[in-house]
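Computed from heavy atoms alone, side chains included, the values below leave out hydrogens, waters and symmetry copies. Just so we're clear, the structure is a prediction, and the values are computed from it rather than from any experiment. Letters go in sequence order (proteins before strands), and every chain restarts at 1.
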Protein chains: 2
Amino acid sequence: MPRNRADVERDAKQEEILDAASRLFLADGVETTSMTKVASAAGVAKNTVYWYFKDKDALLLAVLGRELRLASGAWEVQAPDLADRMVAVVGLFARIDRLSSAVHARLRTSPLLAEWHARFHAGSDRWLGREIEVHLRSQGQQPLAPEELAAVVRIWTYAIEGLVAHEAPVDEVRRVCRVLVAQLRPTAAS
Amino acid sequence: MPRNRADVERDAKQEEILDAASRLFLADGVETTSMTKVASAAGVAKNTVYWYFKDKDALLLAVLGRELRLASGAWEVQAPDLADRMVAVVGLFARIDRLSSAVHARLRTSPLLAEWHARFHAGSDRWLGREIEVHLRSQGQQPLAPEELAAVVRIWTYAIEGLVAHEAPVDEVRRVCRVLVAQLRPTAAS
DNA sequence: ACCTGAACACCGTTCAAGT
DNA sequence: ACCTGAACACCGTTCAAGT
């Protein structure tokens with residue numbers, strides 16, 4: 001199925017709206033940015049936005065997916081140190097902290113966002129778990145019991161979310177990440 | 001200055017509005033609860049609410065203060081174990097998780113909420129710091145360096161916020177709290 | 001001082017109508 | 001298929017008017 005000019009132009013228009021929404025959502029927050037603002041920044045009537053996106057949640061999700069894809073380039077930061085890698089991840093999320101706070105706020109109202117959120121956490125849990133296991137092995141330390149690993153992954157996840165949400169200054173981010181890594185070892189917390 | 005009948009009735013009316021707001025905010029969330037709903041649940045015209053509370057943020061703050069005061073009775077839970085005490089704290093906050101998510105969502109828009117939030121965290125940081133210091137001493141362990149203690153307090157704070165926000169099931173809360181306590185020791189994370 | 005009805009400027013969303 | 005003007009049912013907040 002070849003992409004004709006119509007297809008390209010459709011994508012272009014959609015991209016313009018996405019651009020506008022992205023810029024406004026990141027800078028001013030999702031709640032503060034009305035659909036009217038998005039539309040007029042994209043140069044269309046406000047109901048036109050609804051032709052391309054089902055509703056505001058769908059628009060948010062599209063912006064989120066796009067920003068995450070953009071970040072995933074820088075994602076594979078191969079700093080040798082795990083703590084440094086975590087600092088980099090917090091840095092990446094700092095850019096989109098207004099988006100994630102909007103997601104958290106609308107979790108109970110929007111099943112669409114709730115599902116996306118669950119999926120996202122499942123993915124990041126796997127990633128974090130592997131990072132931690134690899135780190136321990138490389139340090140010649142004992143691996144963690146599955147239950148303990150799960151708890152540590154939760155702690156790391158909440159730490160990242162907290163640092164991002166509270167816009168922590170870099171040196172605080174660094175200290176927290178270093179302590180997280182330093183505390184890493186089997187404890188046999190029954 | 002004696003409290004006359006007028007004073008009492010004023011407080012009664014204010015209390016009724018606060019009751020209604022409390023019930024609705026906790027059950028349905030702050031965003032979903034309109035001022036109209038609060039007013040009609042309290043049996044007044046909606047603009048009457050504005051006679052008692054400056055705006056919706058002020059109403060949220062009043063509800064928050066009251067719920068926190070109510071909780072502070074159960075606050076001094078003297079479970080002997082620190083991990084158990086943390087589990088209890090998470091339980092207390094679980095009740096008002098819709099309130100705190102609303103606070104976090106409106107932090108950038110409302111200076112009033114931002115100031116309250118900063119004050120609250122300053123208080124809870126001091127409390128957590130003391131709890132951790134006392135625990136280490138009671139276990140005959142070395143105290144943490146000030147910088148490391150500060151980082152650990154951040155980690156614990158974010159863990160509590162995360163568990164509350166994500167409505168974690170009790171056994172997950174227990175596992176996370178146990179691991180947090182078990183990991184507690186000086187690490188000299190440079 | 002306390003409370004109201006009516007209005008204001010918004011909001012997200014929908015719909016009938018145009019091309 | 002794509003886009004619009006106009007409307008809908010809300011929202012938080014304000015204001016002039018009543019007691």
N-O pairing of Arg178(B) and Asp84(B) below 4.0 Å: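 Salt bridge: no.
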Side-chain ion pair, Glu15(B) and Arg66(B), N-O less than 4.0 Å: yes
Regarding [X] and [Y], do their side chains bring together a donor and an acceptor under 3.5 Å, going by distance alone?
X	Y	answer
Glu67(A)	Ser22(A)	yes
Thr187(B)	Gln183(A)	no
Glu31(B)	Thr109(A)	no

Rounding to an integer number of Å, can you tell me how far [X] [atom1] sits from [N] [atom2]?
X	N	atom1	atom2	answer
Asp55(A)	dG12(C)	CG	C1'	9 Å
Lys54(B)	dG12(D)	NZ	P	15 Å
Tyr50(A)	dC15(C)	OH	P	13 Å
Phe53(A)	dC3(D)	CZ	P	12 Å
Arg106(B)	dG12(D)	CZ	P	10 Å

Complementary nucleotide of dT14(D), counting Watson-Crick and G-U pairs under 3.5 Å: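 dA6(C) - that is the nucleotide pairing with dT14(D), both distances being under 3.5 Å.
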G-U wobble or Watson-Crick pairing nucleotide for dT19(C) (cut-off 3.5 Å, both distances):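 Base-paired to dA1(D).
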Under 3.5 Å, which N/O atoms of the protein pair with N/O atoms of nucleotides 8-11 of chain C?
| unit_1 | atom_1 | unit_2 | atom_2 | d |
| --- | --- | --- | --- | --- |
| dC11(C) | OP1 | Ser34(A) | OG | 3.1 |

Residue Thr48(A), side-chain atoms from C-beta onward, closest of dC3(D), dT4(C), dT13(C):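 Shortest atom-to-atom distance from the side chain points to dC3(D).
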Trp51(A) side-chain proximity, nearest of dT13(D), dT4(D), dA1(D): dA1(D)
Side-chain donor or acceptor of Ser40(B) paired with backbone N/O of Gly43(B) under 3.5 Å: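 The answer is no, because no donor-acceptor pair under 3.5 Å joins these two groups.
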